[in-house]
Number of protein chains: 2
Amino acid sequence: MSNPGRPQPRSQPRGQARKEHILAVALKIFAENGYRGASIAEIAEGCGLSQPGLLHHFPTKADLLTAVLEYRDRLDAEKFHVDDPTPGTAALRHYVNIVEHNAHLPGLVKLFAIVTSEAAVNPAHPARDWAVGRYEKLIGGLAANLRLGVEDGSIRADVDTTAVARLVFSMMDGLQLQWLLNPDRVDMPGLFRTFIDELTTEITTPDR
Amino acid sequence: MSNPGRPQPRSQPRGQARKEHILAVALKIFAENGYRGASIAEIAEGCGLSQPGLLHHFPTKADLLTAVLEYRDRLDAEKFHVDDPTPGTAALRHYVNIVEHNAHLPGLVKLFAIVTSEAAVNPAHPARDWAVGRYEKLIGGLAANLRLGVEDGSIRADVDTTAVARLVFSMMDGLQLQWLLNPDRVDMPGLFRTFIDELTTEITTPDR
DNA sequence: CCTACCGATCGGTAGG
DNA sequence: CCTACCGATCGGTAGG
């Protein structure tokens with residue numbers, strides 16, 4: 001972004017690319033095994049590194065998981081502009097697009113599913129704060145967009161925007177589990193779209 | 001039930017009570033740590049047994065998890081009569097009651113949440129078949145009850161009963177995660193009831 | 001002094 | 001149901 005022509009070709013290039021490779025490998029192994037089930041030895045092997053070589057970049061296993069989650073959150077925020085205001089029911093349609101996109105990324109869906117569940121059942125989980133904060137951001141952001149719709153009159157004034165936002169992300173998370181267990185028979189994006197369409201009808205101000 | 005006065009006071013009493021105690025202790029530890037994160041040594045200690053003593057009753061860790069899940073399924077089936085036909089939208093209200101009941105049993109909610117997620121992300125998980133079969137039974141059962149409602153005219157004929165059933169259990173599972181992460185601020189039964197009420201209105205045959 | 005690692009091993013615990 | 005163990009593997013760190 002703020003990088004002109006081709007200046008310092010090695011400010012952080014080597015180490016940064018190596019770190020991103022580690023994060024990609026770690027994502028996959030954490031995604032299929034969870035935090036405790038994943039071993040840093042297996043992640044290191046997948047990177048062509050020794051275990052201490054891996055721990056040079058991320059001092060502990062918990063640090064590595066946290067880095068993977070923050071990295072993915074940052075990529076998604078850039079890709080989906082989640083912080084941009086999207087007033088009214090357009091915000092709901094935005095999440096239909098995200099679910100359709102996720103249907104091509106089972107690894108990412110698995111990571112968020114397993115880590116969220118682990119954090120939910122274990123208060124001492126290293127990603128507990130991440131999981132709690134993620135729902136706060138997602139729900140707060142969608143609720144704020146829905147409130148913009150209430151203010152411009154497109155959404156009924158009696159709608160509990162936080163409750164609606166909670167239902168939206170509950171449906172998203174629940175459908176992911178059924179889809180991961182049975183990808184051939186569960187049309188995750190189609191079911192989510194059906195839900196969002198009905199929800200949109202329900203909360204939209206009647207035309208007369 | 002079929003036991004008169006006080007006959008055979010030791011047909012299965014000692015071993016059965018011991019086994020049920022083990023299952024209760026194992027449920028709690030599997031629920032908070034998942035399958036791999038739970039250790040049979042910790043479960044044995046919680047039972048006042050040695051590790052080999054525990055393995056006398058359940059030969060492997062996978063056998064113990066399976067026994068816990070089957071035990072809970074059996075108790076719930078007896079309590080909630082899940083196999084009884086409940087035509088139409090009464091079947092939906094039935095699940096509102098179950099969610100209200102579950103709100104007092106966080107340990108049970110945790111067990112199902114973590115095991116389902118683990119099975120969803122890992123095809124080799126010992127509870128994979130349990131998780132797939134559980135959704136098949138839940139969705140098949142609810143869809144069958146909704147079809148009875150279509151047949152008696154109380155539910156609109158164009159409703160995709162399997163899709164509706166999938167949405168219901170997705171919402172149930174997703175709300176559980178948010179509730180476990182934030183029990184004070186997430187009114188799981190209230191949000192689920194809201195969803196079911198709107199869904200009921202949506203699929204019910206119009207009065208005219 | 002920095003980075004990016006290595007081979008070997010630490011104390012404990014896994015399922016059986 | 002016990003004590004006594006096994007092959008292997010866990011996350012993390014030593015010196016170089």
Side-chain angles (χ1 to χ4, degrees), chain A residues 8-69 114-115 118-119 122 124-128, chain B residues 10 12-69 114-115 118 122 124-128:
Chain A
Q8 315 93 313
R10 74 176 75 93
S11 72
Q12 289 275 19
R14 193 79 52 100
Q16 195 61 23
R18 171 78 79 171
K19 279 208 173 194
E20 294 194 6
H21 179 227
I22 293 172
L23 292 174
V25 171
L27 188 153
K28 189 174 179 181
I29 295 178
F30 278 131
E32 303 203 340
N33 302 98
Y35 178 67
R36 291 188 67 165
S39 76
I40 55 173
E42 187 181 358
I43 296 168
E45 189 191 344
C47 300
L49 290 176
S50 69
Q51 191 175 327
L54 172 63
L55 292 173
H56 166 77
H57 297 279
F58 302 95
T60 70
K61 195 186 183 185
D63 289 331
L64 178 54
L65 177 65
T66 301
V68 169
L69 296 171
I114 188 65
V115 171
E118 289 179 336
N122 174 14
H125 193 278
R128 176 82 174 201
Chain B
R10 76 176 74 94
Q12 288 276 23
R14 194 81 51 102
Q16 196 61 24
R18 172 78 80 172
K19 280 208 172 193
E20 295 194 7
H21 179 227
I22 293 172
L23 293 174
V25 171
L27 188 154
K28 189 174 180 181
I29 294 178
F30 279 131
E32 304 203 341
N33 302 96
Y35 178 67
R36 292 189 66 164
S39 76
I40 56 173
E42 185 181 358
I43 296 168
E45 189 190 346
C47 300
L49 290 177
S50 68
Q51 190 176 327
L54 172 62
L55 292 172
H56 165 76
H57 297 280
F58 303 95
T60 70
K61 195 185 183 186
D63 289 331
L64 179 55
L65 177 65
T66 301
V68 170
L69 296 171
I114 188 64
V115 170
E118 288 179 337
N122 174 14
H125 193 279
R128 177 81 174 201

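In what follows, every heavy atom counts, from backbone to side chain, and hydrogens, waters and symmetry copies are set aside. So that the names make sense, note that chain A is the first sequence line, chain B the second, and so on, each numbered from 1. All values derive from a computational prediction rather than experimental measurement.
Considering only heavy atoms from C-beta on, A:I114 stays 4.5 Å or farther from B:N122 through its side chain.
D:dC6 atom C1' lies 15 Å from atom CG of B:L55, rounded to whole Å. Atom CZ of A:F58 is separated from atom C1' of D:dG12 by 16 Å (rounded to the nearest Å). Nucleotide D:dG11 holds its P atom 11 Å from the CG atom of A:N33, rounded to whole Å. In this structure, NE2 of A:H56 is placed 15 Å from C1' of D:dG12, rounded to the nearest angstrom.
Contacts between residues 34-47 of chain A and DNA chain D, counted as heavy-atom distances below 4.0 Å, involve A:A38, A:S39, A:I40.
Remark: B:I22 CD1 to B:K19 NZ distance equals 8.0 Å, nearest 0.5 Å. To the nearest 0.5 Å, atom CD1 of residue B:I40 and atom CG of residue B:L65 are 13.0 Å apart.
Remark: the separation of the C1' atoms in D:dG16 and C:dA4 is 14 Å, to the nearest Å. Taking atom P on both D:dA8 and C:dG12, the two are 23 Å apart, rounded to the nearest angstrom. Using C1' as the reference atom, C:dG11 and D:dT9 are 13 Å apart when rounded to the nearest Å.
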Under 3.5 Å, side-chain donor or acceptor atoms of residues 41-51 of chain A against the rest of the protein: list the pairs with distances, not counting sequence neighbours.
{"unit_1": "A:S50", "atom_1": "OG", "unit_2": "A:G53", "atom_2": "N", "d": "3.0"}

Using atom types as modelled, flag every donor-acceptor pair under 3.5 Å from a side chain in residues 24-38 of chain A to any protein atom, sequence neighbours excluded.
{"unit_1": "A:Y35", "atom_1": "OH", "unit_2": "A:A62", "atom_2": "N", "d": "3.2"}
{"unit_1": "A:R36", "atom_1": "NH1", "unit_2": "B:G37", "atom_2": "O", "d": "3.3"}

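For B:F58, the ring pair (Phe, Tyr, Trp, His ring centres under 6.0 Å) criterion is met by no residue, not counting sequence neighbours.
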| field | Watson-Crick or G-U pairs under 3.5 Å in DNA chain D, rendered as dot-bracket with [ ] for crossing pairs and | for another strand | value | ....||....|...|.

| said: Would B:V115 and B:V68 count as a side chain to side chain contact (heavy atoms under 4.5 Å, CB included) here? Give the steps. | reply: CA-CA 11 Å; B:V115 170; B:V68 170; over 6 Å; no

Nucleotide N/O of nucleotides 2-5 of chain D paired with protein N/O under 3.5 Å:
{"unit_1": "D:dC2", "atom_1": "OP1", "unit_2": "B:S50", "atom_2": "N", "d": "3.4"}
{"unit_1": "D:dC2", "atom_1": "OP2", "unit_2": "B:S50", "atom_2": "N", "d": "2.9"}
{"unit_1": "D:dC2", "atom_1": "OP2", "unit_2": "B:S50", "atom_2": "OG", "d": "2.3"}

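The two residues B:P126 and B:T66 make their nearest non-hydrogen contact at O-OG1, 4.4 Å.
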